[in-house]
Visitor: 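Shown below is the structure under consideration.
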Amino acid sequence: MYDPTVARLTYRALLGRRRALILGALPLLLLVISLAVRALAGADDQTAADVLGGFALATMVPIIGVIAGTGAIGPEIDDGSVVYLLSKPLKRSSIIFTKLIVAIAVTMVFSAVPTLIAGLILNGNGQQIAVAYTVAALVASIAYAALFLLLGTVSRHAVVFGLVYALVWEALFGSLVPGARTLSVQQWALAVAHKVAGGDLVTSDVGLTTATVLLVAVTVLATWYAGQKLRSLTLAGEE
């Protein structure tokens, strides 16, 4: 299912100089904010939770997921170079799975690692805040990568749709409409973080069991459907 050649090409596309700068901008901003907050306010558990939850998980992780997920396949479809890849004797499911693994890895590195470092800066992992939000970033990275890889497969405007979901649906509607939070990757990840941290500093509107089922279901279904769309794209090209 995992093809090293496809993975190498995808890593090269995602970690090119321009895209790497974009991927590194938000983690760098998070670290700068964390250093400034720690210098001004000292070590405070609630402040750490607010920064990691309000910026790292709510903004940084989904945006990086958009960049990595859509960038893993979207540009190849847009410029037509995907035809070269599809002409090789590779299963379409293998192509999608490999690109998903790469997108997940990139999203995790550029989101979970900075989240852990920021948490250690903010309060030294007091009450397991840093670890809890790092775990949340890890599980959210998987779901976001799958969702946005699917978007990159089905739409030429995947980045726009991804940002609308991440910044409008989750950030805006998720904070204003209680029912919308059930369909939020961020809330599912927070449910896992709440289990890790315990206490009241990390909370979620979704139960852990529901969150786990939805995380798995969305990841599996999005990956499967992306494979189906890539297969239909091949058939359309052959016709």
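Residue numbers start at 1 and run along the sequence shown.
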Visitor: At their closest point, which heavy atom of V154 faces which heavy atom of K229, and how far apart are they?
Guide: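 Distance-wise, the nearest heavy atoms are CG1-CG, 3.5 Å.
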Visitor: Do the side chain of T70 and the main chain of G162 share a donor and acceptor less than 3.5 angstrom apart?
Guide: no
Visitor: Cluster question for you: counting only ILVMFWY and a side-chain heavy-atom cut-off of under 4.5 Å, with indirect links fine, are L116 and V192 together?
Guide: no
Visitor: Is the count of non-hydrogen atoms from other residues, nucleotides or ligands lying under 6.0 Å from Y225 atom OH greater than 12?
Guide: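 Atom OH in Y225 is not packed in, count stays at 12 or less.
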Visitor: Hey, does the side chain of S155 reach the backbone of L151 with a donor-acceptor pair shorter than 3.5 angstrom?
Guide: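 Here the side-chain-to-backbone pair does not exist.
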Visitor: Just by modelled atom types, is the D205 backbone N or O under 3.5 Å from a matching donor or acceptor in the Q187 side chain?
Guide: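 Pair found, side chain donor or acceptor close to backbone of D205.
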Visitor: Supply the atom-to-atom distance L100 CG to T223 OG1, rounded to the nearest 0.5 angstrom.
Guide: 4.5 Å
Visitor: Report whether L9 and I73 are members of the same hydrophobic cluster (ILVMFWY, side-chain heavy atoms less than 4.5 Å apart, transitive linking).
Guide: no
Visitor: Return yes if some donor-acceptor pair links the side-chain N/O of W188 with the main-chain N/O of A143 below 3.5 Å, else return no.
Guide: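 Such a contact is absent between W188 side chain and A143 backbone.
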Visitor: Under 3.5 Å, is there a donor-acceptor pair linking the side chains of T115 and T134?
Guide: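 Result is no, nothing qualifies.
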Visitor: For the atom pair CD (Q46) and CD1 (I129), what is the distance rounded to the nearest 0.5 Å?
Guide: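 Answer for the CD-CD1 pair, Q46 versus I129, is 8.0 Å.
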Visitor: Answer yes or no: is there a side-chain heavy-atom contact under 4.5 Å between S34 and L30?
Guide: yes
Visitor: Measure the acute angle between the ring planes of F148 and Y144, then classify it against the limits of 30° and 60° as parallel, tilted or perpendicular.
Guide: parallel
Visitor: Does the side chain of K99 pick up a donor-acceptor pair with the side chain of T10 at under 3.5 Å?
Guide: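 Yes, T10 and K99 have a side-chain donor paired with an acceptor closer than 3.5 Å.
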Visitor: Got a donor-acceptor contact below 3.5 angstrom from the N123 side chain to the A43 backbone?
Guide: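 No; zero donor-acceptor contacts below 3.5 Å.
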Visitor: For the residue pair I63 and L167, establish whether any side-chain heavy-atom pair is separated by less than 4.5 Å.
Guide: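 Yes, at least one pair of side-chain atoms sits under 4.5 Å.
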Visitor: What's the shortest heavy-atom distance between A191 and V206, and which atoms?
Guide: CB-O, 3.3 Å
Visitor: Mind checking the OG1-CG spacing from T219 to L215? Nearest 0.5 Å is all I need.
Guide: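 Taking OG1 in T219 and CG in L215, the distance rounds to 6.5 Å.
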Visitor: Can you find a pair of side-chain heavy atoms, one from P62 and one from Q186, that are under 4.5 Å apart?
Guide: no
Visitor: Any side-chain heavy atom of L190 sitting closer than 4.5 Å to one from T203?
Guide: no
Visitor: Nearest heavy-atom pair of F110 and I64: which atoms, and what distance?
Guide: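 Answer, listing the atom of F110 first, then I64: O-CD1, 3.0 Å.
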Visitor: Is the backbone of S204 close enough, under 3.5 Å, to the side chain of H194 for a donor and an acceptor to pair up by distance?
Guide: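 Such a contact is absent between H194 side chain and S204 backbone.
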Visitor: Under 4.5 Å between side-chain heavy atoms, hopping through other hydrophobics if needed: is there a path connecting L29 to V61?
Guide: yes
